[in-house]
Amino acid sequence: MRFTRRFTRIFIILCLIAVFVTTPILLFSSHRLIHLGSDASKEFVGDLSILKHRIEVQALNAVQQEEVENLKEPILDVYRDGNQISAVSLYTIDKNDSLGQPKNVSLAGNNVTTHDSKKESQQSLPEETLATREKALEKSRPKEVQHSQNVQSHPRRVLDERVKEIKDQLIRAKAFLNFAPAGSNSNFVKEIKLRIKDLERAAGEVSKDSDLSRRAIQKMKAMSATLSKASRLFPDCSAMVKKLRAMTYNAEEQLRTQKNQASFLENLAGRTTPKGLHCLSMRLTTEYFALQSEEQILPNQHKFQNPDLHHFAVFSDNVLACSAVVNSTVSTARVPEKIVFHIVTDSLNLPAMTMWFLSNPPGKATIQIQSIDMFDWLPNKDILQKQESLDPRYTSPLNHLRFYMPDIFPSLNKIVLLDHDVVVKRDLSGLWRINMKGKVNGAVETCLEGEPSFRRMDMLINFTDPMVATKFDVKSCTWAFGMNLLDLQEWRKRNLTGLYHKYLELGSNRPLMKAGTLPIGWLTFYKQTRAIDRRWHVLGLGYDSGVKLNEIEQAAVIHYDGVMKPWLEIGLQKFKPYWKKHVRYEHPFVQQCNIHD
C-alpha cells in the first residue's frame with residue numbers, strides 16, 4: 001500500500017514536469033510556423049513577378065550573359081586617373097559580399113577588377129544567420145570604413161562616413177531598380193522607389209555627417225533594410241558588377257565632357273570683351289569728337305623722342321587695362337616726370353584711348369597715343385592669318401607689333417615693353433641701370449622645373465623639324481613676355497626684325513611652331529636674352545598657378561597671364577584687388593557703363 005502511494009506520487013511528478021517542459025516548446029513552434037507562413041505568403045503575393053523574373057534571368061545567364069540596355073560596357077580598367085575616388089565604397093562591396101553574393105569584386109586603389117568565383121544562393125542561409133551577420137557587420141562598420149579611407153589615400157577631403165554611405169545606397173538602389181522587369185509595379189518596385197525619393201529628400205545637398213538630420217538617419221536605415229531584401233531577390237552579383245561598371249564609365253565620360261566644355265567656355269570668355277568695356281569706348285569716342293581739334297592734342301609732345309627719359313610701350317585696345325598699367329607705374333615711380341608712355345592701339349579705339357587720358361592725365365608723366373594704321377611701312381598682315389589658332393589675339397597685328405620696336409621708336413636707345421595685363425608695384429627706374437652685357441632682351445626666365453611658369457622649348461616649338469633641331473638647343477632656357485627691357489641699339493645691329501620675318505615666313509609654310517608671339521620670340525631672341533632677377537616680374541595671376549603671396553608682395557611687376565584677366569568675371573578674386581586699386585571706378589562713364597568695383 002505504501003509502495004503504491006509512493007509510485008503514484010512519482011508518476012504524477014514526472015507528468016507535471018513533462019507538461020511544463022513540452023508546453024512552451026509547442027507554443028513557440030506553433031507561433032514560429034504561423035509567423036513564417038504569413039511572411040512567406042506576403043512575400044509570395046507581393047513579389048511574384050520579381051521571383052519569376054529572377055528565374056528567367058538565371059536561365060538566361062546559363063546560356064549568355066544578359067546585356068544592359070542603353071549602357072556601354074567599358075574595359076575592365078575603368079579608372080585611368082589616379083586622383084579619382086570610386087563612387088562605390090569598400091564598405092558597400094563588402095556588405096554585398098557578406099549577404100551571400102560572390103566576392104568577385106575588389107577595389108584596389110582606384111581600379112575595378114573581376115575574378116571568377118563560385119556563386120552562393122542567399123536562400124540557403126537561415127534568418128538567424130542573416131541577423132547575426134547583420135549585427136556583426138554593424139559593429140565592424142567603423143573599422144571597415146576606416147580601412148577604406150586608409151587604402152584610398154587622396155589629397156582631397158574624403159566625404160564623411162554616413163554621407164558617403166547614403167550616396168552608395170542611392171547608387172545601389174537605382175541599380176537594383178533597373179533589374180526589375182519593364183512595366184513592373186510590384187511591391188518591391190514601389191518600395192525601392194519610395195526609399196530613393198525619401199532618402200534624396202532627407203539628405204539633400206549635405207556633405208558632412210554633422211549636418212545630417214535625424215530623419216535622414218532613419219531613412220538611411222530603412223533603405224538598408226530594403227537593399228538587404230533586394231540582395232535576396234537578386235543574388236546574382238555579376239549583373240550588379242556589370243551595371244555598376246557601366247554606370248561608373250558613363251559618369252566618367254560625362255565628367256570628361258563637362259571639363260572640356262568648361263575649358264572651351266573659359267577660353268571663349270578670356271578672348272571676349274565685356275559689354276561694359278564696349279560701352280566705355282563708345283561714350284569716350286562720342287566725347288572725343290565733341291572736342292575742338294586743338295583740344296584733342298595730348299601735352300608734352302617734345303618728350304616723345306627724348307632718349308634720356310624712361311620710355312614704356314604698351315600695345316592694346318583695352319582702355320581700362322591701359323589706364324591700370326599707367327596709373328600703377330606712375331603711382332610707384334620716384335621720379336614720375338621722367339616717365340613717357342607710348343600706347344599703340346587700333347584706329348577704332350584711338351579716339352576712346354585719347355579721350356580717357358585727356359580727361360584723366362597721368363600726373364607728371366607724359367603719354368603718347370598712336371594707331372597701328374599710322375605705320376604705313378608695316379609689311380603685309382596676311383601672313384599672320386596663316387597661323388593656325390582659334391584665338392584671334394595670337395594672330396593680331398597689334399600683338400606682333402613688339403617685333404618692330406626699333407622702327408616705331410627710331411630715336412630711342414632703350415625701352416620697357418609692358419603687356420596690358422600687368423600691374424606695377426615698385427619703382428622701375430632701376431631697370432635702366434641693368435648691364436645688358438651686349439644682349440637685346442632682358443627678361444625673367446621660366447626654365448626652373450617645379451615652378452608654375454615652367455616652360456620648355458619643345459612645348460611650343462616643333463623640334464622634329466630638321467632646321468629647328470640643328471639651330472636650337474631644346475634644353476636652352478626659356479623666358480616670358482610681359483615685362484621686357486629692350487636694347488634697341490643692339491637690336492638694330494643684329495637686324496632681329498629681319499630674323500623675325502624669316503621665321504614667320506618659314507612657319508607659314510610648315511608646322512614650325514605654335515601660334516602666338518612667345519614661340520617666335522624664343523627663336524628671334526635666341527642667345528640674345530639677358531636673365532634678370534625674378535622679382536622684377538612675377539607671373540601666374542591669370543590662372544590657378546599657386547603663386548605665393550610673399551612673391552607677389554616682393555614683386556616689381558605682377559602679370560595676369562592666362563585667360564582669367566582681372567577685368568573679367570572669371571578672374572581670380574584673390575588677385576583682383578591688386579588691379580582694382582588702380583582703376584577709377586568713380587569716373588562717370590565707368591559708372592554709367594555698370595563697371596563696378
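All of these numbers come straight from a predicted model, not from anything done at the bench.
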**Student:** Flag the pair H559 / L539 as yes when at least one side-chain heavy-atom distance between them is below 4.5 Å, and no otherwise.
**Tutor:** yes
**Student:** So does N260 get a backbone contact from the side chain of S263, meaning a donor-acceptor N/O pair under 3.5 Å?
**Tutor:** no
**Student:** Against H420, only a single residue in Y560, F312, W567 fulfils ring-ring contact (aromatic ring centres under 6.0 Å, His included); can you say which?
**Tutor:**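 Filter result, single survivor: W567.
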**Student:** Can you tell if the side chain of D421 reaches within under 4.5 Å of the side chain of W579, non-hydrogen atoms only?
**Tutor:**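 They are not in side-chain contact.
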**Student:** Look at the rings of F481 and W479 and say which category their plane angle falls in: under 30° parallel, 30 to 60° tilted, over 60° perpendicular.
**Tutor:**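 Judged by the thresholds at 30° and 60°, the geometry between F481 and W479 is perpendicular.
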**Student:** Go through it in stages, so that I can follow the logic: the residues are V416 and L486, the test is side-chain contact (heavy atoms from CB on, under 4.5 Å), and I'd like the CA-CA distance, side-chain angles, deciding distance and then a yes or no.
**Tutor:** CA-CA 6 Å; V416 172; L486 302 174; over 6 Å; no
**Student:** Specify whether H311 and H342 have parallel, tilted or perpendicular ring planes, treating 30° as the upper limit for parallel and 60° as the lower limit for perpendicular.
**Tutor:** parallel
**Student:** In this structure, are over 12 heavy atoms from other groups packed under 6.0 Å from M282 atom CE?
**Tutor:** no
**Student:** Looking at I339 and A333, what are the two nearest heavy atoms and their distance?
**Tutor:**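 Heavy-atom minimum between the residues: CD1-CB, 3.4 Å.
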**Student:** Verify, without hydrogens or angle tests, whether N318 (side chain) and A321 (backbone) share a donor-acceptor contact under 3.5 angstrom.
**Tutor:**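 Looks like yes, one N/O pair under 3.5 Å.
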**Student:** Please check: side-chain N/O of T366 versus main-chain N/O of V340, any donor-acceptor pairing under 3.5 Å?
**Tutor:** no
**Student:** Is the side chain of S281 donor-acceptor paired with the backbone N or O of L277 at a distance under 3.5 Å, no angle test?
**Tutor:** yes
**Student:** Hey, could you give me the SG/CZ distance between C477 and R455, rounded to the nearest 0.5 Å?
**Tutor:**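 If I round to the nearest 0.5 Å, the distance is 13.0 Å.
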**Student:** Is the shortest side-chain N to carboxylate O distance from E161 to K164 below 4.0 Å?
**Tutor:**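 No, E161 and K164 are not salt-bridged.
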**Student:** Could you go through D373 and S347, starting from their C-alpha distance and side-chain angles, then the distance that decides it, and tell me whether this counts as side-chain hydrogen bond (donor to acceptor under 3.5 Å, both in side chains)?
**Tutor:** CA-CA 6 Å; D373 297 319; S347 58; 2.8 Å; yes
**Student:** For L568 versus V563, what's the shortest heavy-atom pair and its separation?
**Tutor:**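 Closest heavy-atom pair between L568 and V563: CD1-O, 3.6 Å.
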**Student:** So, R535 side chain and V557 main chain: donor-acceptor pair closer than 3.5 Å or not?
**Tutor:** no
**Student:** Is D487 salt-bridged to K439, going by a charged N under 4.0 Å from an acidic O?
**Tutor:** no
**Student:** Going through the distances and angles, do M483 and I532 end up as a side-chain contact (heavy atoms from CB on, under 4.5 Å)?
**Tutor:** CA-CA 11 Å; M483 198 281 295; I532 61 177; 3.9 Å; yes
**Student:** State, without any angle test, whether N441 and Q528 hold a side-chain donor-acceptor pair at a distance under 3.5 Å.
**Tutor:** no
**Student:** Under a 4.0 Å N-O cut-off, is there an ion pair linking D458 with R456?
**Tutor:**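 Salt bridge flag = yes for R456 with D458.
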**Student:** Quick one: closest heavy-atom pair of V206 and K208, and the distance?
**Tutor:**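 Looking at all heavy atoms of both residues, the closest pair is CG1-O, 3.1 Å.
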**Student:** Could you check whether the rings of W432 and H310 sit parallel, tilted or perpendicular, using 30° and 60° as the cut-offs?
**Tutor:** parallel
**Student:** For residues T478 and T446, is any side-chain donor paired with an opposing acceptor at under 3.5 Å?
**Tutor:** yes
**Student:** Can a donor-acceptor pair be found, under 3.5 Å and without considering hydrogens, that links the side chain of R510 to the backbone of G507?
**Tutor:**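 No, R510 side chain to G507 backbone: no donor-acceptor pair under 3.5 Å.
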**Student:** Taking C-beta and beyond as the side chain, do D346 and L350 meet within less than 4.5 Å on heavy atoms?
**Tutor:**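 No, every pair of side-chain atoms sits at 4.5 Å or beyond.
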**Student:** Supply the atom-to-atom distance N250 CG to E252 CD, rounded to the nearest 0.5 angstrom.
**Tutor:** 9.5 Å
**Student:** Taking it one step at a time, do N399 and F315 satisfy side-chain contact (heavy atoms from CB on, under 4.5 Å)?
**Tutor:** CA-CA 7 Å; N399 198 27; F315 304 142; over 6 Å; no
**Student:** Between the side chain of N484 and the main-chain N/O of G482, is any donor-acceptor distance below 3.5 Å?
**Tutor:** yes
**Student:** Any side-chain heavy atom of P362 sitting closer than 4.5 Å to one from F341?
**Tutor:**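 Not in contact.
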**Student:** Do you know the tightest heavy-atom contact between Y543 and P452?
**Tutor:** OH-O, 3.4 Å
**Student:** Look up atom NZ in K338 and atom CG in N306, then write down how far apart they are to the nearest 0.5 Å.
**Tutor:**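 Nearest 0.5 Å value for the NZ-CG distance: 9.5 Å.
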**Student:** Once the angle between the rings of H501 and Y404 is folded into 0 to 90°, is it parallel (under 30°), tilted (30 to 60°) or perpendicular (over 60°)?
**Tutor:**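 Aromatic pair H501/Y404 classed tilted.
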**Student:** Ignoring hydrogens, what is the shortest heavy-atom contact between F409 and R492? Give both atom names and the distance.
**Tutor:**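 So the two residues come closest at O-NH2, 3.0 Å.
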**Student:** When rounded to the nearest 0.5 angstrom, what is the spacing between OG1 in T285 and CE in M355?
**Tutor:** 10.5 Å
**Student:** Taking C-beta and beyond as the side chain, do L401 and F375 meet within less than 4.5 Å on heavy atoms?
**Tutor:**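 Heavy-atom side-chain distance check passes, below 4.5 Å.
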**Student:** Distance-only, no hydrogens or angles: does the K414 side chain make a donor-acceptor pair with backbone N or O of L431 under 3.5 Å?
**Tutor:**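 The answer is no, because no donor-acceptor pair under 3.5 Å joins these two groups.
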**Student:** Hey, is R534 close enough to E451 for a salt bridge, meaning N to O under 4.0 Å?
**Tutor:** yes
**Student:** Regarding Y288 and E295, is there a side-chain donor-to-acceptor distance under 3.5 Å anywhere?
**Tutor:**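 No, no side-chain donor-acceptor contact under 3.5 Å.
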**Student:** Checking N462 side chain against M513 main chain: does a donor-acceptor pair fall under 3.5 Å?
**Tutor:**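 Looks like no, no N/O pair under 3.5 Å.
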**Student:** Please give me the minimum heavy-atom distance between K576 and P566, naming the atom from each residue.
**Tutor:** CE-O, 3.5 Å
**Student:** Among Y503, W491, Y500, which one satisfies ring-ring contact (aromatic ring centres under 6.0 Å, His included) with F525?
**Tutor:**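 Going through Y503, W491, Y500 one by one, the ring-ring contact (aromatic ring centres under 6.0 Å, His included) with F525 is satisfied by W491 alone.
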**Student:** Taking it one step at a time, do S429 and D427 satisfy side-chain hydrogen bond (donor to acceptor under 3.5 Å, both in side chains)?
**Tutor:** CA-CA 6 Å; S429 59; D427 177 56; 2.4 Å; yes
**Student:** May I ask you to check whether D317 and N349 show a side-chain donor-acceptor distance below 3.5 Å?
**Tutor:**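 No - no donor-acceptor pair under 3.5 Å links their side chains.
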**Student:** A side-chain contact here means heavy atoms from C-beta on lying under 4.5 Å apart; do I461 and L512 qualify?
**Tutor:** no
**Student:** Keeping the roles fixed (side chain from N413, backbone from Q489), state whether a donor-acceptor pair exists under 3.5 Å.
**Tutor:**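 Looks like no, no N/O pair under 3.5 Å.
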**Student:** Any chance you could lay out the side-chain contact (heavy atoms from CB on, under 4.5 Å) test for I595 and Y585, step after step, and finish with the verdict?
**Tutor:** CA-CA 7 Å; I595 303 174; Y585 289 102; 4.0 Å; yes
**Student:** Quick one: OG1 on T497 to CE on M405, what's the gap to the nearest 0.5 Å?
**Tutor:** 10.0 Å
**Student:** Nearest 0.5 Å please: distance from the CG atom of N300 over to the CD atom of E337.
**Tutor:** 11.0 Å
**Student:** Check the surroundings of atom CD in E205: do more than 12 heavy atoms from other residues, nucleotides or ligands lie under 6.0 Å from it?
**Tutor:** no
**Student:** Indicate yes or no: does K548 engage E551 in a salt bridge with an N to O separation below 4.0 Å.
**Tutor:** no
**Student:** Measuring only between side-chain heavy atoms, which start at C-beta, is Q296 closer than 4.5 Å to T354?
**Tutor:** no
**Student:** Are E490 and R494 ion-paired here, with the side-chain N under 4.0 Å from a carboxylate O?
**Tutor:** yes
**Student:** Tell me which one of L298, I367, I297, I369 satisfies side chain to side chain contact (heavy atoms under 4.5 Å, CB included) with L358.
**Tutor:**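 Option passing the side chain to side chain contact (heavy atoms under 4.5 Å, CB included) with L358: L298.
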**Student:** Take atom CZ in F264; do more than 12 heavy atoms of anything else shown fall under 6.0 Å from it?
**Tutor:** no
**Student:** Is there side-chain contact between F589 and E287, with at least one heavy-atom pair below 4.5 Å?
**Tutor:**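 Yes, their side chains come closer than 4.5 Å.
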